[in-house]
Amino acid sequence: MSEHQSSTLSIPPVGAIPRHIAVIMDGNGRWARRRFLPRVAGHRKGMEAVRATVRACGELGVEYLTLFAFSSENWRRPKEEVNFLMQLFVSMLEQEVMKLRDNGIRLKVVGSRERLEERLVRLIEQAETLTRDNRKLTLTVAVNYGGRWDIIQAVQRMLQAQPELATQFGETDLAPYLAMSYAPEPDLFIRTGGEQRVSNFLLWQLAYTELYFTDILWPDFDARALHQAILWYQQRERRFGRTSEQLAETLERRKPA
Ligand code: IPE
Ligand code: IPE
Ligand code: MG
């Protein structure tokens, strides 16, 4: 499958490792509250879960891992918590980028950069440049990201580049302008922390993604929890609108003669 081809166009084999996993890392605040710690202690601990998940995805051969770190709605949180999270991104970029580069990981950051501090934007650009030729794993971090923002910015950029599309355009015209046009659509979506909602994450791209929800709080998420989610995914039959019988035929045709 080419890098740009939509996952919804072709049927991945049952039992395969998902190529693209997208995660809503939720439950940091509750993890901290249960320990009578400030919410930010949960965010700090959540970084360990990020490291464990990135490592495990690399080992399993997952090609794309996308982590929702800060939504366009998270600005509504107390100022101190927002500042702490922004500082956490800065130190993550300062401390981990060389490791990413040396481990074959390409870092991408998606979301609006408009409200981000200049220093953070500069670090993001440096990290993206430094790791741009890596292909073992593409790690995308969504910061100040919203699914609706993504669709709107894509329409705006498309019309700017191709004004002739204003009267009529289709999915394949728009797709190249979405923030994650470099990745296939997610195969597996994981949300930790027990809530069963999408919270304005990748709205367009999740059209045919398998949705997995776990009560595990993000700071407790680890390689074992990831393996559980993947095992669950491997038992799903992805039909993309077709019938079970049609899928059986496709599989029959795929078998080597
Ligand atoms: C997710 O954990 C991290 C971010 C949204 C940045 P939360 O901070 O939402 O944790 P809960 O949901 O309050 O437990
Ligand atoms: C979603 O978590 C966003 C991130 C994990 C970054 P929230 O905890 O902010 O989601 P809602 O607002 O409870 O749905
Ligand atoms: Mg939450």
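Values reported hereafter were calculated over all heavy atoms of this structure, with side chains retained and with hydrogens, waters and symmetry mates removed. Whatever order the structure lists them in is the order used to number ligands and atoms, beginning at 1.
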Looking only at the side chains, is there a donor atom on one of [X] and [Y] sitting less than 3.5 Å from an acceptor on the other?
X	Y	value
Q126	R122	no
W31	D220	yes
Q162	Y177	yes
S199	E73	no

Looking at R113, R101, K108, R106, which hits salt bridge (Lys or Arg N to Asp or Glu O under 4.0 Å) with E128?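 Testing each of R113, R101, K108, R106 against E128, the sole residue satisfying salt bridge (Lys or Arg N to Asp or Glu O under 4.0 Å) is R113.
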Residue of the set R236, R19, R238 for which salt bridge (Lys or Arg N to Asp or Glu O under 4.0 Å) holds with D187: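 Of the listed residues R236, R19, R238, the salt bridge (Lys or Arg N to Asp or Glu O under 4.0 Å) partner of D187 is R238.
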Does the plane of the ring in Y212 sit parallel, tilted or perpendicular to the ring in W232? Use 30° and 60° as the thresholds.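 Ring orientation of Y212 relative to W232: tilted.
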Should the pair Y208 and F240 be assigned to parallel (<30°), tilted (30 to 60°) or perpendicular (>60°) ring geometry?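 The arrangement is tilted - the two ring planes meet at 30° to 60°.
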Which pair of non-hydrogen atoms, one from I230 and one from L60, has the smallest distance, and what is that distance?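 In terms of heavy atoms, the two residues are closest at CD1-CD1, 3.6 Å.
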Assess whether a salt bridge exists between E81 and R39, defined as any Lys/Arg side-chain N lying under 4.0 Å from an Asp/Glu carboxylate O.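 So E81 pairs with R39 through a salt bridge.
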Taking a cutoff of less than 4.0 Å between a non-hydrogen atom of the residue and any ligand atom, is R39 in contact with ligand 1?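 In this structure, R39 qualifies as a contact of ligand 1 - some heavy atom is under 4.0 Å.
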So, with waters excluded, how many protein N/O/S atoms does the Mg ion (ligand 3) have closer than 2.8 Å?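 Every protein N, O or S atom under 2.8 Å from the Mg ion (ligand 3) counted, the figure is 1.
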Considering only heavy atoms, which protein residues lie less than 4.0 Å from any atom of ligand 2?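 Heavy-atom contacts below 4.0 Å: I24, M25, D26, F68, A69, F70, S71, N74, R77, R191, R197, S199.
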Which ligand 1 atoms are under 4.0 Å away from a heavy-atom of H43?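 Contacts of ligand 1 toward H43, numbered from 1: 3 (C), 8 (O).
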